[in-house]
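These notes are about the structure you will find just below.
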Amino acid sequence: MGKQLTLAAAGILLLVGVSAAAAQDVIIQPEHDTVIREYVKKKPVASLSLPGVELNIGTALPETVELYEVPDVQYRYVVIDGRTVLVDPGTRKIVKVYD
């Protein structure tokens, strides 16, 4: 029984690690990064406050958070606590946090 629990725990940790690694594998091409930064400066949106939500890569944002489009870029953005956050619209997971 103890061995099964240990194996189950190891499996869960492995899955969590793989999920975290997959979320961090998003690479924003420099030209897209420039487009995103310039667009966000031109089209500022109100900053939201989301108590209890950490701005980490891989964190999923609630469905109630409106995401804003950047033309010709697959990701969306929102401003949370004064920081621009790039989000995968399909999973609603954060892929990059700009300071």
Are [X] and [Y] packed together at the side-chain level, in the sense that at least one heavy-atom pair is separated by less than 4.5 angstrom?
X: L67; Y: Y77; answer: no
X: I57; Y: V26; answer: no
X: L86; Y: Y98; answer: yes
X: L61; Y: I94; answer: yes
X: R92; Y: V65; answer: yes
X: R37; Y: T84; answer: no

Can you measure from CD1 (I27) to CG (D33) and round to the nearest 0.5 angstrom?
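Reported value, rounded in 0.5 Å steps: 12.5 Å.
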Can you tell me how far CD1 of I80 sits from CG of L55, rounded to the nearest 0.5 angstrom?
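Result: 5.0 Å between the selected atoms.
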I'd like to check the side-chain contact (heavy atoms from CB on, under 4.5 Å) partners of T64; sequence neighbours left out, ordered by chain and number.
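By the side-chain contact (heavy atoms from CB on, under 4.5 Å) rule, T64 matches P62.
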Name all residues meeting the side-chain contact (heavy atoms from CB on, under 4.5 Å) criterion together with N56; count only those two or more places apart in sequence or in a different chain, and write none if there are none.
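If we apply the side-chain contact (heavy atoms from CB on, under 4.5 Å) test to N56, skipping adjacent residues, the hits are E54, T59.
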Pick from V70, D88, V87: which one makes a side chain to side chain contact (heavy atoms under 4.5 Å, CB included) with Y75?
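Exactly one candidate clears the test, D88.
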Test applied, side chain to side chain contact (heavy atoms under 4.5 Å, CB included); reference residue, E38; option that passes from V40, I36, T34, V35
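The single option meeting the side chain to side chain contact (heavy atoms under 4.5 Å, CB included) with E38 is T34.
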Can you name the closest pair of heavy atoms from S47 and G82 and give their distance?
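Heavy atoms only, the tightest pair is OG-N, 2.8 Å.
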For R76 and Q74, work out which heavy atoms get closest and say how close.
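Looking at all heavy atoms of both residues, the closest pair is NH1-O, 3.6 Å.
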Kindly say whether R83 contributes a backbone atom to a donor-acceptor pair with the side chain of D81 at under 3.5 angstrom?
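Side chain of D81 to backbone of R83: no pair is present.
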Assess whether side-chain hydrogen bond (donor to acceptor under 3.5 Å, both in side chains) is satisfied between Y39 and D72, documenting all intermediate values.
CA-CA 11 Å; Y39 187 83; D72 302 319; over 6 Å; no
